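Everything on this sheet refers to the single structure shown next.
The basis for the numbers below is simple: all heavy atoms, side chains too, and nothing from hydrogens, waters or symmetry mates. Values in this document were obtained by computation on a predicted structure and should not be read as measured data.
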Amino acid sequence: MKFEGIYTPAITPLDERGQIDRKAFAAVLESLIEAGVHGIIVGGSTGEYYAQTSQERFDLGVYAKEVIGTRLPLIIGTGATRTEDSIEYAKAAREIGANAILVSTPPYALPTERENAVHALAVDRAANMPIMLYNYPARMGVMMGEEYFSRVGKSKNVVAIKESSGEMANLHLLARKFPHIALSCGWDDQALEFFAWGARSWVCAGSNFLPKEHVALYEACVIEKNFDKGRAIMTAMLPLMDFLECGKFVQSIKHGCEIIGLTAGPVRTPLRPMNSEEKRTLETVVATLKRTVGQITSGANRHA
């Protein structure tokens, strides 16, 4: 499997009782398909997997596959503290016919690079399907580095990495020494730099509610190779990226979905909802972004 384009880690809509809203979840998936994203991830941190029971995660994967069918690639997150649990999520992904799995570092455990590699390869052996690694030390506590990549990179199934360390040195390491592991941007305000270094995909939570704008940046940089246009789009997107780092990330993504008419519902504890002022600020940021990117893309079309 080749990872190319915009991959959206889908939100998990909840009803007023805090239970998963299947109808709203289907609507989110359909909106992404209609908007032209290139793949959907279920069971990522944006989807609040950490606040779900194992059964909810299994059921959500099954339902996502039912809704999506073969229209887009489906990637299932396998994140868990115990290797045994990650293996079960990976096996379930294979059974439902998912296209790939997302393999991260077990959180809280703080494994060494060798231990982390052994974990990933155990999941790989159990599933035997395409893998996108997920390097997110801010959440997981440790960095995937050269020793880790040297070990896991020998598997034919390790085809890509969502690099979310924010460390440009790790981007350079991957691009130079492990080019067979396809780069995927996982640090939003570095998307332009990732594309310049050869990344051909971007896993971006903001595409839940601004899919066309994220696709526009991907197309400008990767398809058109027009980095002047890409810089203009990125400039318009930076205020959103700055806002998303305010400390209420998932809440902001869910409210963004509400802004465009999707039902997202609340977040699960321990997270708390946004206040009115935060919501108004996000609404202003989104409106300005949509207007500006619309002008950039329509202007480019007129002069094509």
Side-chain angles (χ1 to χ4, degrees), residues 1-9 38-39 41 44-46 73 75-79 86 90 99-107 110-124 127 129-207 214 217-218 220-223 225 227 230-231 234 241:
M1 175 180 175
K2 288 187 177 181
F3 282 88
E4 297 190 350
I6 297 299
Y7 286 74
T8 304
H38 303 86
I41 298 172
S45 50
T46 303
I75 297 88
I76 298 292
T78 64
S86 289
N99 300 87
I101 53 176
L102 197 65
V103 176
S104 59
T105 300
L110 301 181
T112 65
E113 288 202 54
R114 180 183 180 279
E115 290 168 339
N116 201 12
V118 170
H119 163 82
L121 292 172
V123 176
D124 177 24
M129 59 190 299
I131 288 174
M132 172 180 270
L133 302 172
Y134 184 12
N135 184 32
Y136 196 3
R139 293 276 183 115
M140 307 306 171
V142 298
M143 173 81 84
M144 294 175 179
E146 187 166 359
E147 180 183 354
Y148 176 88
F149 297 132
S150 294
R151 291 177 181 274
V152 302
K154 294 176 182 177
S155 170
K156 63 178 176 56
N157 291 323
V158 175
V159 296
I161 179 169
K162 179 188 177 187
E163 169 54 35
S164 302
S165 70
E167 297 291 337
M168 195 58 63
N170 228 41
L171 168 60
H172 297 162
L173 170 69
L174 285 158
R176 292 173 57 242
K177 293 192 174 182
F178 303 95
H180 60 290
I181 304 177
L183 279 168
S184 185
C185 178
W187 198 265
D188 289 346
D189 65 6
Q190 294 178 352
L192 205 69
E193 289 82 356
F194 268 80
F195 291 140
W197 275 94
R200 298 186 63 85
S201 67
W202 181 11
V203 179
C204 40
S207 61
H214 285 74
L217 180 59
Y218 159 76
C221 295
V222 177
I223 306 301
K225 300 190 184 305
F227 277 84
R231 278 188 292 272
M234 175 60 85
M241 296 171 183

Inset, instruction - Output, in order, the C-alpha distance, side-chain angles, deciding distance and verdict of side chain to side chain contact (heavy atoms under 4.5 Å, CB included) for Asp124 and Val103. - result: CA-CA 9 Å; Asp124 177 24; Val103 176; over 6 Å; no
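- Between the CZ atom in Arg176 and the CG atom in Leu171 there is a gap of 11.0 Å [rounded to 0.5 Å].
- The main-chain N or O of Met241 is never found under 3.5 Å from a side-chain atom of Asp188 such that the two would form a donor-acceptor pair.
- The OG atom of Ser150 lies 14.0 Å from the CZ atom of Arg114; values are rounded to the nearest 0.5 Å.
- What you find for Phe195 and Trp202 is that their closest heavy atoms are CZ-CB, 4.0 Å.
- Residues forming a side chain to side chain contact (heavy atoms under 4.5 Å, CB included) with Ala90 (at least two apart in sequence, or on another chain): Thr78, Ile101, Val123, Ala127.
- With sequence neighbours excluded, the residues that form a side-chain hydrogen bond (donor to acceptor under 3.5 Å, both in side chains) with Ser184 are Ser201.
- Interatomic distance, Phe3 CZ to Asn99 CG, rounded to the nearest 0.5 Å: 8.5 Å.
- Closest non-hydrogen pair, Pro111 versus Pro106, comes out as CD-O, 4.1 Å.
- Closest non-hydrogen pair, Ala175 versus Trp197, comes out as CB-CE3, 3.6 Å.
- Under the ring-ring contact (aromatic ring centres under 6.0 Å, His included) criterion, Phe194 pairs with no residue at all, not counting sequence neighbours.
- Separating the OG atom in Ser164 from the CD atom in Gln190 is a distance of 9.5 Å, to the nearest 0.5 Å.
- Here salt bridge (charged side-chain N to carboxylate O under 4.0 Å, His left out) pairs that include residues 153-167, with residues two or more places apart or in two chains, number zero.
- Scanning for side-chain hydrogen bond (donor to acceptor under 3.5 Å, both in side chains) contacts around His214 gives an empty result, with sequence neighbours left out.
- Asn135 places none of its side-chain heavy atoms less than 4.5 Å from the side chain of Tyr148.
- Put simply, the side chain of Pro9 reaches to within 4.5 Å of the side chain of Val203, judged on heavy atoms.
- Leu133 pairs in a side chain to side chain contact (heavy atoms under 4.5 Å, CB included) with only one of the listed residues (Leu102, Val152, Thr105), which is Val152.
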Legend entry - Audit row: His38, Tyr218, side chain to side chain contact (heavy atoms under 4.5 Å, CB included) steps and yes/no: CA-CA 11 Å; His38 303 86; Tyr218 159 76; 3.9 Å; yes
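- Residues satisfying the salt bridge (charged side-chain N to carboxylate O under 4.0 Å, His left out) criterion with Glu147, sequence neighbours excluded, are Arg151.
- Of all heavy-atom pairs spanning Ser155 and Leu121, the tightest one is CB-CD2, 4.2 Å.
- Considering only residues two or more places apart in sequence or on other chains, Tyr134 meets the ring-ring contact (aromatic ring centres under 6.0 Å, His included) condition with Tyr136.
- Residues Gly79 and Ser86 come closest through the heavy atom pair C-OG, 4.1 Å.
- Note: Met140 CE to Asn116 CG = 10.0 Å, rounded to the nearest 0.5 Å.
- Partners of Arg231 under the salt bridge (charged side-chain N to carboxylate O under 4.0 Å, His left out) rule, at least two apart in sequence or in another chain, are Asp228.
- Not counting sequence neighbours, the partners of Lys2 by the side chain to side chain contact (heavy atoms under 4.5 Å, CB included) test are Glu4.
- Side chains of Ile75 and Met1 form a contact here, defined as non-hydrogen atoms less than 4.5 Å apart.
- Minimum interatomic distance between Leu192 and Met234 (heavy atoms only, all atoms of both residues): N-CE, 3.5 Å.
- A search for side chain to side chain contact (heavy atoms under 4.5 Å, CB included) contacts involving Ala122 returns Thr83, Ile87, Arg125, not counting sequence neighbours.
- Expressed to the nearest 0.5 Å, how far CG of Leu217 lies from CD1 of Ile6 amounts to 7.0 Å.
- Applying the side-chain hydrogen bond (donor to acceptor under 3.5 Å, both in side chains) criterion to Thr112, with sequence neighbours excluded, gives Glu115.
- Residues forming a side chain to side chain contact (heavy atoms under 4.5 Å, CB included) with Leu173 (at least two apart in sequence, or on another chain): Glu146, Phe149, Asn170, Lys177, Phe178.
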